Amino acid sequence: MAAAVAAVVARRAAGLLPLLLSSPSSARIPLRRALSLTPLPGSYRLLSHPARPFSSSAFSASASASNGVAAERARELHLYNTKSRKKEHFRPRAPDGEVGMYVCGVTPYDDSHIGHARAYVAFDVLYRYLRYLDYEVRYVRNFTDIDDKIIARANQLGEDPFSLSKRFSDDFLSDMANLQCLPPSVEPRVSDHIDQIINMIKQILDNNCAYVVGGDVYFSVDNFPEYGELSGRKLDDNRAGERVAVDERKRNPADFALWKAAKDGEPWWDSPWGPGRPGWHIECSAMSAHYLGHSFDIHGGGEDLIFPHHENEIAQSRAACCDSSINYWIHNGFVNVNSQKMSKSLGNFITIRKVIEMYHPLALRMFLLGTHYRSPINYTIEQLNVASDRLYYTYQTLHDCEESCQQQEKNSGDSLPANTLNYIEKLHDEFETSMSDDLHTSVALAAISEPLKVMNDLLHTRKGKKQEKRLESLAALEEKIKVVLSVLGLLPSSYHEALLQLREKALRRASITEEHVLQKIEERTAARKAKQYEKSDEIRKELAAVGIALMDGPDGTTWRPSAPLSEEEGVVVKRT
């Protein structure tokens, strides 16, 4: 280890490893380029964060100094490919060029739900991590802005279908911004790509993989022998397909619509087969080919899209262009609510907007990242409370660090204690290793726990305050945690603002005001002075039960949000 530290110091002295010991509020690691975030609606403003914050920093170089083989291995991204049913080493088609990624977007006929949040947070993390690994990424995510469900909802509300889909599309974008999802490179809409869709259908017909029936065009699965290779289904097992009514005119019940003949009162476009509109599946094949080519790297979506949607996409794309191929099919797992499948029929359909009425959007994001993206996730209020509590602890620690470093002058020089360098190296290794192993975000989140604890010791304990190069260590640790949070999409524009928002949400959940909490603190302080300890405990437990924790310190009692506790669990938090 001594040799590793010496190597780090030597490189830093040569100017290769700047540790950025200036104020955390102004410190920035050198970048190759920047991730740009769109402004958020309302109060959830975000900061532009680095795409590859470890580049040319002590974070990556110190890890290489201590274990070059492990650091190199961590940079080899492995992703689970649904098609091969195994994890594969990610090798883009153009190693020195752009990675093409297409993710199926929403059909905007209603408010977006937490299933949408789960999918697009997962692929946002993949997008961010690819860019962190220094790939240029062209990320395409579509809107299905004309569809049976949109038409039915518009008729129900007496609204124009395009007006309705535009409204819910805008709401979806607002939800994604609140969840700190980066905007894709391109967000195409079906209604703007009718020509491309018609041309692809022509190609499929010319290649004898489709047929026309009374103005409808159907894909013929019998003429595509590879049908079922993604889902593993045999042709005899296939259903007619979702969103497609059983039609006796089909040659095979599994055949699906590429083009639907116009019906009275529905939007339509001219085509060689008469007026009509696209089927559900063809749009993604046409738009992905238009923006990424017939062959590209990654195609993603929810597990529910494997069949029939993605199965049909493969068939269409290959039938239109025999050279069409996608290297990696990535799918996220389902969301359950209180251990039941989320559905409108069960009355447990939870929208993103409903959640963020009571919780900070990044608490929802942290909850989602706490489970591996391919595993099913069980949404409960209890788990959301735990995520919110953890988020508050993280931001409070980083805020305390920021304030401490701003208020006190650091020592001259840029050397760091060996144990601080060890924590930085360990965080780097655990972060890259876990993320490169099929995006294990829960492990990456766990990796910041020890550095946060170390920071709290340096900030608040007598022993920690006496540590050599204390402020320099705090600044360096904060900068490295910021890198992890940035890649995970959890870094706010301001710790202070985020803490205020988390407190406001906690008060709303508790149905009380801050004035009421402060009054209770005064009552408890008076009770303690009068040695009425039973009354003091009752006040503490009363607040703890609704998610308000009291913290006793040298300067008096303050409060912070917490996961609501039962009376048996209620404890006072003492700040040392």
Side-chain angles (χ1 to χ4, degrees), residues 28-38 46-57 59-61 64 71-81 87-105 119-142 173 176-177 180-188 284 287-301 317 323-330 332 373 428 431-432 435-439 441 444 482-491:
R28 292 291 181 270
I29 296 176
L31 309 177
R32 294 187 183 179
R33 50 189 150 72
L35 285 175
S36 297
L37 297 181
T38 51
L46 303 180
L47 183 68
S48 292
H49 301 311
R52 183 169 166 73
F54 295 159
S55 295
S56 305
S57 73
F59 214 80
S60 55
S64 300
E72 182 64 29
R73 184 171 61 250
R75 288 192 288 272
E76 295 179 354
L77 174 62
H78 288 77
L79 296 171
Y80 183 87
N81 191 344
K87 278 191 284 191
E88 298 179 0
H89 182 194
F90 178 69
R91 293 183 175 90
R93 290 176 177 274
D96 297 327
E98 200 172 54
V99 172
M101 182 170 77
Y102 187 94
V103 176
C104 290
Y120 301 120
V121 164
F123 287 103
D124 179 65
V125 169
L126 175 56
Y127 182 36
R128 287 170 178 268
Y129 193 60
L130 286 169
R131 294 177 69 171
Y132 162 77
L133 293 176
D134 217 22
Y135 292 112
E136 297 290 341
V137 185
R138 185 166 175 80
Y139 175 18
V140 182
R141 186 183 68 204
N142 73 296
L173 293 175
M176 292 301 102
Q180 202 147 306
C181 291
L182 296 173
S185 311
V186 187
E187 296 189 279
C284 287
M287 289 189 289
S288 63
H290 180 67
Y291 289 101
L292 300 174
H294 285 284
S295 298
F296 55 93
D297 298 292
I298 297 170
H299 196 314
S317 298
D323 294 328
S324 172
S325 67
I326 296 165
N327 284 0
Y328 304 90
W329 286 88
I330 313 295
N332 64 275
Y373 77 94
H428 169 77
F431 171 74
E432 278 204 353
M435 291 296 288
S436 291
D437 181 20
D438 199 30
L439 305 177
T441 53
K482 283 169 64 177
V483 167
V484 175
L485 294 180
S486 176
V487 177
L488 295 177
L490 290 170
L491 185 62

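The analysis underlying the following values was restricted to heavy atoms, covering all of them including side chains, and did not include hydrogens, waters or symmetry mates. Since the model is a prediction, treat every value here as computed from it, not as a measurement.
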If I take atom [atom1] from residue [X] and atom [atom2] from residue [Y], how far apart are they, to the nearest 0.5 angstrom?
X	Y	atom1	atom2	result
Ile326	Ser295	CD1	OG	8.0 Å
Leu439	His78	CG	NE2	12.5 Å
Leu79	Tyr129	CG	OH	10.0 Å

Could you check whether any side-chain heavy atom of [X] comes within less than 4.5 Å of a side-chain heavy atom of [Y], counting everything from C-beta outward?
X	Y	result
Glu88	Asn81	yes
Lys87	Asp437	yes
Val484	Leu490	no
Val103	Val140	no
Cys181	Phe123	no
Leu77	Leu130	yes

Can you see which heavy atom on [X] is nearest to which on [Y], and at what distance?
X	Y	value
Asp297	Val99	OD2-CA, 3.4 Å
Asn327	Arg91	ND2-O, 4.1 Å
Asn332	Ala119	OD1-CB, 3.4 Å
Val125	Leu488	CG2-O, 4.2 Å
Cys104	His299	SG-CE1, 3.5 Å
Tyr127	Met101	CB-CE, 3.9 Å

- Task: Decide yes or no on side chain to side chain contact (heavy atoms under 4.5 Å, CB included) for Leu126 and Ile298, but give the supporting numbers first.
- Result: CA-CA 10 Å; Leu126 175 56; Ile298 297 170; 4.2 Å; yes
With distance as the sole criterion, is a donor-acceptor pair present between the side chains of [X] and [Y] under 3.5 Å?
X	Y	answer
Arg131	Tyr135	no
Glu432	Tyr132	yes
Tyr291	Ser185	no

- Message: Go through it in stages, so that I can follow the logic: the residues are Arg141 and Tyr120, the test is side chain to side chain contact (heavy atoms under 4.5 Å, CB included), and I'd like the CA-CA distance, side-chain angles, deciding distance and then a yes or no.
- Response: CA-CA 10 Å; Arg141 186 183 68 204; Tyr120 301 120; 3.8 Å; yes
Under 3.5 Å: donor-acceptor pair, side chain of [X], backbone of [Y]:
X	Y	result
Ser324	His294	yes
Arg128	Ser486	yes
Arg93	Phe296	yes
Ser317	Ala289	no

- Item | Proximity of Tyr373 and Tyr80 rings by center, below 6.0 Å | no
- Message: I need the full list of side chain to side chain donor-acceptor pair (under 3.5 Å) pairs touching residues 94-104, with sequence neighbours left out, sorted by first then second residue.
- Response: Tyr102-Asn142
- Message: Walk me through whether Met176 and Leu182 qualify under side chain to side chain contact (heavy atoms under 4.5 Å, CB included).
- Response: CA-CA 8 Å; Met176 292 301 102; Leu182 296 173; over 6 Å; no
